[in-house]
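Beneath this line is the structure, given in structure tokens, with notes to follow.
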Number of protein chains: 2
Amino acid sequence: MPGISDVARLAGVSTATVSRALSGNGAVSAETRVRVTQAAASLGYVVSSDASSLASGRTRNVGVVVSHLSRWYFTAVIEGAQRVLLQRGYDVTLYNLGGEGEERPRVFEHHLLRGRVDAVIAVALKLTEDEIGRLLAIGKPVAGVGGPLPGASTVTIDDVHVGRLATEHLLALGHRRIAHLGGRPEFDLEFHVPTSRRLGYEAALLAAGIAPDPALSVAGDFTIPGGHEAARRLLEPALLESAQRRPTAVFAASDEMAIGAVLAARELGLSVPGDLSVIGVDDHPLAAFFGLSTVAQHVERQGEQVAELLLRTIDPPRRHGPAADDAPTTLHSPVDLVVRTSTAAPADHPTPTTRNA
Amino acid sequence: MPGISDVARLAGVSTATVSRALSGNGAVSAETRVRVTQAAASLGYVVSSDASSLASGRTRNVGVVVSHLSRWYFTAVIEGAQRVLLQRGYDVTLYNLGGEGEERPRVFEHHLLRGRVDAVIAVALKLTEDEIGRLLAIGKPVAGVGGPLPGASTVTIDDVHVGRLATEHLLALGHRRIAHLGGRPEFDLEFHVPTSRRLGYEAALLAAGIAPDPALSVAGDFTIPGGHEAARRLLEPALLESAQRRPTAVFAASDEMAIGAVLAARELGLSVPGDLSVIGVDDHPLAAFFGLSTVAQHVERQGEQVAELLLRTIDPPRRHGPAADDAPTTLHSPVDLVVRTSTAAPADHPTPTTRNA
DNA sequence: GTGAAAGCGCTAACAG
DNA sequence: CTGTTAGCGCTTTCAC
């Protein structure tokens with residue numbers, strides 16, 4: 001492990017110049033820079049991040065806090081964020097608050113405060129004002145993905161819009177009895193995602209002159225088994241009664257639930273989309289395989305976006321006029337309707353209509 | 001941000017004593033320890049990891065290198081490893097080599113060498129001798145999960161055994177025409193997992209006096225769509241020819257492929273397990289939902305195990321006699337057969353037989 | 001554009 | 001058991 005002084009000696013300059021040449025901070029003549037760079041390369045010199053951090057106060061590392069890891073959404077965000085961070089020379093330190101344990105306080109009161117990160121990203125996690133406050137107090141910017149954070153910048157999608165978009169697609173196909181697979185109340189803790197999507201669904205129905213039927217709204221847990229179970233709960237009683245009562249379409253608040261619903265429908269002898277149209281949300285990796293129509297969100301992109309947001313404040317591009325303003329921003333990430341083969345006009349209503357009020 | 005000297009002043013001792021009291025290194029009288037601890041707590045003091053690392057040479061951080069993130073296996077390993085690491089006060093810095101880009105050399109030649117980690121864990125990634133050598137040369141132990149690493153400790157499962165176990169289960173049920181869904185050659189790069197499982201399958205068949213039929217072995221890519229496609233490729237031609245030729249059971253080298261196969265079978269009008277038994281490997285989170293019989297491996301546990309392995313060398317328990325030997329270990333993690341509802345005796349062979357040679 | 005020198009905040013001998 | 005004293009390997013004024 002050669003040190004900076006080895007490089008300095010070899011290049012015939014001072015350590016200060018080596019530091020400047022290698023970091024790009026401070027002016028160095030072109031030829032000196034070349035000499036230093038070559039010396040460093042020939043020695044295999046890599047700056048010690050600890051020494052550098054200690055002296056400069058900047059770690060070039062950002063913390064990512066998540067509540068789960070083994071779910072598509074979280075890893076997709078992390079992949080996006082990590083990609084841009086790594087490419088800018090930053091490391092990513094991961095804190096998984098998974099287990100119910102005391103991880104959370106430990107992470108916020110110890111790990112994140114020991115100065116190992118320059119900033120933190122919260123993924124679909126509602127931080128308390130206290131948690132955010134403490135970080136901000138020691139000069140660590142905080143940003144989040146997936147919902148509002150008191151006093152921090154975030155990137156999200158408009159979940160009401162998502163619900164509306166999905167429902168309007170079904171209405172436009174001519175469906176009138178449209179069911180909804182949403183989230184359980186306890187699931188609403190994080191940012192009201194389920195509620196917002198349901199609100200959009202109801203708004204779209206209302207705008208089409210249809211009164212939302214509480215009997216058509218059931219709760220799941222956002223997983224495939226959860227969607228399957230919820231869909232059976234919805235469809236089985238309906239099948240026993242009049243065909244009249246049976247919904248002809250389902251809007252599931254996540255693709256995983258939608259996939260569960262498709263599977264449940266098949267089991268009950270209903271063809272999709274012949275007897276039942278199903279639409280989800282996310283554009284999950286499995287959506288295409290199941291031919292699922294969905295409201296796509298671009299999760300990796302969202303990860304890239306938070307990272308960019310954060311970098312703008314901790315690592316502003318060189319030669320910048322007014323400092324990037326520190327006011328919390330909210331960035332709305334786009335969503336778009338992807339129509340595949342799980343949605344079609346209802347059997348008794350072959351001609352798609354445009355929406356009517 | 002109070003510093004160690006603030007704590008020292010408040011507790012009426014020297015900074016050295018504070019360091020000793022808080023880190024547990026070096027003897028401190030019980031009452032001094034209490035005073036220091038209280039002083040630290042009342043000030044909200046947290047040691048600066050950079051300063052501490054610089055002075056001590058230990059970072060209390062381990063790097064985890066993965067080739068993907070958005071796959072169940074990888075995140076499960078990370079969750080397990082992170083849990084034990086965090087609980088021992090370690091941070092986890094994640095390096096995702098995902099994209100084809102130049103991430104890999106950058107990570108190995110720069111990020112991992114800048115002294116931010118005490119050790120590195122490779123998850124289902126084959127490191128070159130050079131990559132491992134460089135890390136070892138600067139005193140960073142390396143350990144891996146999912147396959148042998150030249151010169152490093154690892155935890156794995158016995159994949160030949162896995163293949164044998166699954167196949168023996170099908171044989172014991174009375175199946176004779178047993179197909180295999182394995183991996184494409186290019187998939188074999190990482191540790192020969194697909195090949196080993198197939199070898200176990202063939203060994204079991206041979207032991208039962210059955211010659212493996214190349215036509216019954218098809219390749220997939222370890223995903224649900226991949227398994228689905230492979231299963232169709234296997235079953236469709238067979239269905240067109242004599243029922244004789246059709247396999248009565250399938251051993252898929254991963255649960256995801258097995259799920260794809262179950263779905264494909266249903267589409268082709270075959271009932272599982274009535275017409276076709278299917279068994280996978282992993283005990284994937286969706287396995288139970290699909291009633292999939294499988295050879296379970298305990299992935300999170302494997303993550304815990306590598307972490308423990310590594311900690312033993314970088315953070316040996318206090319009062320230890322001979323230092324933990326540094327010779328690379330290979331730890332075989334157990335697997336076990338989980339029988340659910342996707343496997344049963346073949347239709348024409350109602351009585352399960354015991355294996356016969 | 002470059003060098004000298006003073007730390008960054010802690011830990012680890014070494015005395016006592 | 002505790003204090004003193006050197007650094008750990010860089011970055012950054014401040015002069016030149």
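Residue numbering restarts at 1 for every chain, and letters A, B, ... go by the order of the sequence lines.
- Put simply, CZ on B:Arg114 is 13 Å from P on D:dC10, counting in whole angstrom units.
- Among B:His298, B:Arg83, B:Gln87, the single residue meeting the side chain to side chain donor-acceptor pair (under 3.5 Å) criterion with B:Glu304 is B:Arg83.
- Taking NE2 of A:His68 as the start and CG of A:Leu125 as the end, the distance is 10.0 Å to the nearest 0.5 Å.
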Is there a side chain to side chain contact (heavy atoms under 4.5 Å, CB included) between A:Trp72 and B:Arg71? Walk through the geometry before answering. CA-CA 8 Å; A:Trp72 163 74; B:Arg71 293 184 70 86; over 6 Å; no
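- Distance CD1 (A:Ile138) to P (C:dG9): 13 Å, rounded to an integer number of Å.
- Atom-to-atom, CD1 of B:Ile4 to P of D:dT4 comes out at 14 Å; the value is rounded to the nearest Å.
- Summary of helix geometry: the two end axes of the helix from C:dG1-D:dC16 to C:dG16-D:dC1, each defined by five base pairs via their C1' atoms, are inclined to each other by 30° (rounded to 10°).
- Against DNA chain D, the stretch residues 105-113 of chain A makes no heavy-atom approach under 4.0 Å.
- Residues A:Thr93 and A:Asn61 have side chains that bring a donor and an acceptor to within less than 3.5 angstrom of each other.
- To the nearest angstrom, C1' of C:dC10 lies 13 Å from CZ of A:Arg116.
- Straight-line distance from the CG atom of B:Asn25 to the C1' atom of C:dC10: 13 Å, rounded to whole Å.
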Do any side-chain atoms of residues 29-36 of chain B form donor-acceptor pairs under 3.5 angstrom with protein atoms, and if so which ones, sequence neighbours left out?
from, atom 1, to, atom 2, distance (Å)
B:Ser29, OG, B:Thr32, N, 3.2
B:Ser29, OG, B:Thr32, OG1, 2.6
B:Arg33, NH1, B:Ala21, O, 3.2
B:Arg35, NE, B:Ala11, O, 3.0
B:Arg35, NH2, B:Ala11, O, 3.3

Full working for side chain to side chain contact (heavy atoms under 4.5 Å, CB included) between B:Ser153 and B:Thr330: CA-CA 6 Å; B:Ser153 292; B:Thr330 297; over 6 Å; no
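- Residues satisfying the side-chain hydrogen bond (donor to acceptor under 3.5 Å, both in side chains) test with A:Asp118, not counting sequence neighbours, are A:Thr59.
- In summary, B:Arg114 and A:Asp91 engage in a salt bridge, as defined by a charged side-chain N under 4.0 Å from a carboxylate O.
- Of the residues in residues 45-57 of chain B, B:Leu54, B:Ala55 come within less than 4.0 Å of DNA chain D through at least one heavy atom, sorted by number.
- Sorted by residue number, the members of residues 13-20 of chain B with any non-hydrogen atom under 4.0 Å from DNA chain D read B:Val13, B:Ser14, B:Ala16, B:Thr17, B:Arg20.
- In this structure, the side chain of B:Thr17 does not engage the main chain of B:Val13 through any donor-acceptor pair within 3.5 Å.
- One interatomic measurement links the two molecules: CE of B:Met1 to P of C:dG9, which rounds to 10 Å at whole-angstrom precision.
- The residue B:Thr32 sits close only to the backbone: its heavy atoms come under 4.0 Å of sugar-phosphate atoms, none of a base.
- Once rounded to the nearest 0.5 Å, the distance linking OH of A:Tyr90 with CG of A:Leu310 reads 9.0 Å.
- A heavy-atom distance below 4.5 Å is found between the side chains of B:Leu112 and B:Leu135.
- We find that CG of A:Leu22 is positioned 13 Å from P of D:dT12, with the value rounded to whole Å.
- A salt bridge between B:Arg301 and B:Glu308 is present, with a side-chain N of the basic residue lying under 4.0 Å from a carboxylate O of the acidic one.
- With rounding to whole Å, B:Arg58 atom CZ is found 13 Å from C:dA12 atom C1'.
- Ring pair A:His111/A:Tyr95 is perpendicular by interplanar angle, where above 60° counts as perpendicular and below 30° as parallel.
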Evaluate salt bridge (charged side-chain N to carboxylate O under 4.0 Å, His left out) for A:Arg116 paired with B:Asp50, printing each intermediate quantity in order. CA-CA 7 Å; A:Arg116 185 159 276 163; B:Asp50 292 314; 5.7 Å; no
